[in-house]
Visitor: 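Take this structure first; my questions come after.
All values derive from a computational prediction rather than experimental measurement. Labels below follow one simple rule: chain letters A, B, ... track the order of the sequence lines, proteins then strands, and each chain is numbered from 1.
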Amino acid sequence: MPELPEVETVVRQLLHCGRMLNNPITGVKIFRPQRWINYPADKIAIRLMGHVFKNITRRAKFIILSLDDEAELIIHLRMTGKLMCQATPIDDDPYIREIIYFQDGSQLLFKDTRTLGRLYFKEPGEKLPVLDRLGVEPLSFQFTREKLQALLYHCNLEMKSFLMDQSKIAGIGNIYASEILFLCQIHPQRNTRSITAEELNRLHEIIPEILNRSIKFKGTTIADFRNAENQSGEFQKYLQVYGNHGESCPICQTEIQRIVQKQRSTFFCPNCQK
DNA sequence: AATCGTTCCTGATAGC
DNA sequence: TGCTATCAGGAACGAT
């Protein structure tokens, strides 16, 4: 399930594949556009024709493809979305939702088994509410200790829910929320306002650290995630608690527990995490 | 204003 | 072994 490190991996690979930028768009096909697009599909197609992508960036878990006229095509992979740019166009995947055709014959494919992924088109200067609602980027210089402290103090949530809330810190999902709390030795049901100065320092250090480490390993693949080169990530080998309920804690051998918070699984060590 | 519960979707799998 | 009910979860949305 793509979270910040997985999305960052896709963005980097698309940037470096050499086919995405300054390559004129000669066609766009969008399948089953009813639910997952914020804009009429035929208008997007007409709007993109003849233009080129100038840059690819990431905001939280959103992939932003910037056009030469400053319009943007924005993609959220949600659970099973995959974005890849192929030089050889043969592909019979039945879950292709969108194809962008380039002049040199390569294709940008968006595949999504469960159709939870989303595509947005934004004209220059337009607002996109889903982006405006996002909180601080945990890998940016704006993610300061003071910012984190203020966020924690100004809400009243269980720590797991806090880390998952995209309007607070943007980009952390279910896997990294559990992992961060384990490494910080904080119980997932602790209230945000109960975090001590020492724990605050640890959170501020660990959050960027684990996200960067996962990026280094090209993200985590539990079942579905494939990067832009259609490969699995490697970071699942280094997960400490996620998905490991019933197994023993890597630190103290206590059995790892699974609980449900906001209808989402949380994994933690009841001995290490206080 | 902040937080909570429901909903979307379909392949994988737990459990009988 | 084979079937079916449940689970997986990001985030918009409406409710509280």
Side-chain angles (χ1 to χ4, degrees), chain A residues 1-10 30-39 58-64 74-83 93-98 110-122 127-138 150-181 188-194 211 214 219-226 232-233 236 239 241-247 257-268:
Chain A
M1 23 224 90
E3 305 181 26
L4 188 154
E6 291 73 35
V7 175
E8 179 67 25
T9 300
V10 170
I30 296 173
F31 306 95
R32 293 172 61 176
Q34 296 78 11
R35 269 197 188 80
W36 61 285
I37 297 181
N38 77 329
Y39 219 83
R58 177 190 61 74
R59 171 78 172 103
K61 303 173 195 170
F62 292 84
I63 297 166
I64 302 174
I74 297 151
I75 294 160
H76 197 303
L77 303 174
R78 294 273 187 106
M79 291 299 298
T80 53
K82 299 170 187 68
L83 196 60
D93 191 316
Y95 302 110
I96 292 175
R97 305 299 173 198
E98 185 206 34
F110 178 57
K111 307 179 186 184
D112 188 12
T113 318
R114 283 161 61 180
T115 70
L116 294 171
R118 293 290 181 271
L119 183 127
Y120 306 88
F121 181 73
K122 187 169 94 66
K127 286 271 181 189
L128 194 60
V130 291
L131 293 184
D132 292 340
R133 280 193 281 269
L134 293 169
V136 65
E137 275 290 323
L151 284 170
L152 287 166
Y153 183 74
H154 286 110
C155 64
N156 183 23
L157 290 167
E158 293 184 350
M159 279 304 292
K160 166 71 174 341
S161 304
F162 169 77
L163 290 176
M164 297 275 289
D165 189 331
Q166 303 299 300
S167 73
K168 310 286 192 295
I169 303 170
I172 298 168
N174 211 38
I175 295 173
Y176 297 103
S178 281
E179 294 297 311
I180 288 164
L181 291 171
Q189 291 173 314
R190 285 271 300 284
N191 188 278
T192 44
R193 290 181 186 167
S194 77
L211 296 174
S214 181
T220 300
T221 296
I222 298 298
D224 280 294
F225 173 67
R226 294 294 181 277
S232 301
Q236 62 276 10
L239 296 177
V241 288
Y242 181 86
N244 294 347
H245 55 302
E247 295 174 32
Q257 302 292 308
R258 185 183 86 97
I259 56 172
V260 175
Q261 295 173 282
K262 299 260 175 73
Q263 8 272 40
R264 296 291 175 263
S265 289
T266 303
F267 303 88
F268 72 105

Visitor: Axis-to-axis angle across the helix from B:dA2-C:dT16 to B:dC16-C:dG2, five pairs an end, to 10 degrees?
Guide: 50°
Visitor: Taking NZ, NE, NH1 and NH2 as the nitrogens, is one of them in A:K262 or A:E158 under 4.0 Å from a carboxylate oxygen of the other?
Guide: no
Visitor: Could you check if a side-chain atom of A:I37 sits within less than 4.5 angstrom of a side-chain atom of A:F121, using non-hydrogen atoms only?
Guide: no
Visitor: Can you check the A:M79 CE to B:dC9 P distance for me, whole Å?
Guide: 15 Å
Visitor: Measure the acute angle between the ring planes of A:F62 and A:H76, then classify it against the limits of 30° and 60° as parallel, tilted or perpendicular.
Guide: perpendicular
Visitor: Among A:I175, A:V241, A:L181, exactly one meets side-chain contact (heavy atoms from CB on, under 4.5 Å) together with A:F267. Which residue is that?
Guide: A:V241
Visitor: Grab the CG-C1' distance between A:L128 and C:dA11 for me, whole Å please.
Guide: 13 Å
Visitor: Closest nucleotide of DNA chain C for A:S265 versus for A:L134: which of these residues is on the 5' side?
Guide: A:S265
Visitor: Quick one: do A:T80 and A:R114 satisfy side-chain hydrogen bond (donor to acceptor under 3.5 Å, both in side chains)? Show the steps, please.
Guide: CA-CA 6 Å; A:T80 53; A:R114 283 161 61 180; 5.2 Å; no
Visitor: Starting from C1' on B:dC9, measure out to OH on A:Y95 and report it in whole angstrom.
Guide: 11 Å
Visitor: Using a 4.0 Å heavy-atom cut-off, does A:Q263 contact any base of the nucleic acid, only the sugar-phosphate backbone, or nothing at all?
Guide: base
Visitor: Can you tell me the distance, in whole Å, between the CZ atom of A:R78 and the P atom of C:dC13?
Guide: 10 Å
Visitor: Whole angstrom is fine here: how far is it from CZ in A:R97 over to C1' in B:dT10?
Guide: 10 Å
Visitor: CG of A:N174 versus C1' of C:dA11: gap in Å, rounded?
Guide: 13 Å
Visitor: Assess whether one donor atom and one acceptor atom, taken from the side chain of A:R118 and the base of C:dG10, lie less than 3.5 Å apart.
Guide: no
Visitor: Would you call A:R97-A:D112 a salt bridge at under 4.0 Å N-O?
Guide: no
